[in-house]
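To keep things clear, I will list the structure first and then write my remarks on it.
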Amino acid sequence: MKVLIVFAVCLVALSAGERRFARQAAFGQPQPQAFQQQPQQPQRQLRQQQPQQQPQQPLAEERAHHAAPREYSQQPQQQQLVRQETTTWIPILKYNKEQGNDGSYKTQYETGNNIIAEETGFLRDFNENTPNGVLVQSGSYSYTAPDGQLVNVQYTADEGGFRATGDHIPTPPPIPEEIQKGLEQIYEGIRLQQEREAKEAKENPAEYAKKQEERARLNYHGQYYPN
C-alpha cells in the first residue's frame, strides 16, 4: 500500500514539472541551455579581435622610442661640424731673426692673415747703477681689424717705459700748465735725490749700506725713512 502511494506522488510531481516547463516555454522564456550560449558568442568575437589590435600598439611605441635616440645622436655630429668650420690654421709666411754677440737683435715675421711685425733691440748705458745696461726696443706691427681697417702701430720701449703711436690710438688732451710745472718739480727732486745717493755710495759705502738696510727694514713694516 505504501509503495503505491509513493509511486503516485512521483507521477504527480513529474506531471507538474512538465506542465511548468511547458508554461515557461509558452511565455517565451529561454531554456537554460540557450541562456548559457548567448554570453559565449561576444567573448569569442573579442578574443578574435584582440590579437589583431594588440600588435599595432607596440609598433607605435617602438617608433616613438627609437625616434628620440636618432635625434640625440645627430646633435653631437652637428656640434662637431660647427667646430670644424670655425677652426682655421694660420700659416707663417715669413720669419727671420738675427742675434748679435753684444745683445742686439732683429726679428720680423708675417702671417697668412695679413699680420706683419718687426722689432730691433740693443743694450746701452753701461755704468755702475746699470751694469747689465738698458734694453732699448723699437718696432712696428700692422693687422687688419674685423671692420676691414688696416691698423699700423709704431712703438719704443726703454727706461722711460713703453710708448706707442698709431692713427687708431686716441690722443690724450694736453696737460695744463700748472700740473706740468708740478710734475717737473717732482721729477727734478727725484733726480737730485738719486744723485745724492750715488755720491754717498761712492764716498762712504759702509754708511750708505747701513742706511739702505734701515730703509729696507722700515719699508717692510710700512714706515717712512726720512732723508
Side-chain angles (χ1 to χ4, degrees), residues 86-220 222 224-227:
T86 55
T87 301
T88 304
W89 295 97
I90 307 301
I92 303 297
L93 304 180
K94 181 180 179 181
Y95 180 80
N96 294 323
K97 185 174 183 180
E98 300 176 4
Q99 185 71 47
N101 296 328
D102 57 351
S104 62
Y105 69 91
K106 182 179 181 180
T107 180
Q108 54 184 237
Y109 64 87
E110 181 179 355
T111 64
N113 58 344
N114 199 26
I115 297 177
I116 302 173
E118 61 179 7
E119 181 179 287
T120 59
F122 63 94
L123 295 173
R124 74 177 182 189
D125 294 341
F126 292 92
N127 51 40
E128 295 180 357
N129 296 329
T130 57
N132 296 325
V134 176
L135 178 60
V136 179
Q137 297 172 303
S138 61
S140 63
Y141 59 88
S142 63
Y143 63 92
T144 303
D147 58 356
Q149 179 184 3
L150 183 62
V151 179
N152 292 295
V153 179
Q154 293 80 31
Y155 63 90
T156 302
D158 51 17
E159 65 275 10
F162 179 84
R163 300 176 298 278
T165 58
D167 296 336
H168 68 292
I169 300 176
T171 57
I175 300 175
E177 185 178 358
E178 293 78 8
I179 296 178
Q180 184 64 38
K181 289 181 180 180
L183 292 175
E184 291 176 358
Q185 292 177 1
I186 293 173
Y187 295 150
E188 183 64 18
I190 294 174
R191 186 184 66 80
L192 293 175
Q193 183 178 355
Q194 291 177 350
E195 290 180 357
R196 287 196 300 267
E197 290 179 356
K199 184 179 180 180
E200 185 179 1
K202 185 177 181 180
E203 294 177 354
N204 192 357
E207 186 66 22
Y208 178 76
K210 186 182 294 185
K211 288 183 179 180
Q212 290 295 107
E213 183 179 356
E214 180 64 17
R215 182 176 296 172
R217 187 185 67 81
L218 293 176
N219 289 336
Y220 179 78
Y224 178 72
Y225 181 82
N227 294 327

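Here the shortest heavy-atom pairing between Ile169 and Thr165 reads CD1-C, 3.9 Å. Contact detail for Ile90 and Gly112: the closest heavy-atom pair is CG2-N, 3.8 Å. In plain terms, the two heavy atoms of Ala201 and Tyr208 that are nearest each other are CB-CD2, 3.4 Å. Summarising the geometry of Asp102 relative to Leu123, their closest heavy-atom pair is O-CD1, 3.9 Å, with the distance given to 0.1 Å.
Not one N or O on the side chain of Asn204 forms a donor-acceptor pair closer than 3.5 Å with the backbone of Glu200.
A salt bridge is absent between Glu118 and Lys94; no separation between the charged side-chain nitrogens and carboxylate oxygens falls under 4.0 Å.
Under a cut-off of 6.0 angstrom, the local environment of CD in Glu177 is sparse, with at most 12 non-hydrogen atoms contributed by other residues, nucleotides or ligands. Counting heavy-atom neighbours within 6.0 Å of Glu213 CD, excluding the residue itself, gives a total of 12 or less. Heavy-atom contacts from other residues, nucleotides or ligands closer than 6.0 Å to OH of Tyr109 number 12 or fewer. With a 6.0 Å radius and a threshold of 12 heavy atoms from other residues, nucleotides or ligands, Asn101 has its CG atom at or below the threshold. Atom OH of Tyr187 is surrounded by 12 or fewer heavy atoms from other residues, nucleotides or ligands within 6.0 Å.
Paired with Glu188 under the rule side-chain contact (heavy atoms from CB on, under 4.5 Å), one option of Arg191, Glu184, Gln185 passes, and it is Arg191.
Inspection of the Tyr105 and Glu119 side chains reveals an N or O donor paired with an N or O acceptor under 3.5 Å.
The closest side-chain heavy-atom distance from Lys106 to Asn96 is not below 4.5 Å. You'll find the side chain of Glu214 reaches within 4.5 Å of the side chain of Arg217, heavy atoms only.
In this structure, the separation between OG1 on Thr144 and CG on Asn113 is 8.0 Å, given to the nearest 0.5 Å.
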Evaluate side chain to side chain donor-acceptor pair (under 3.5 Å) for Thr156 paired with Ser138, printing each intermediate quantity in order. CA-CA 4 Å; Thr156 302; Ser138 61; 5.5 Å; no
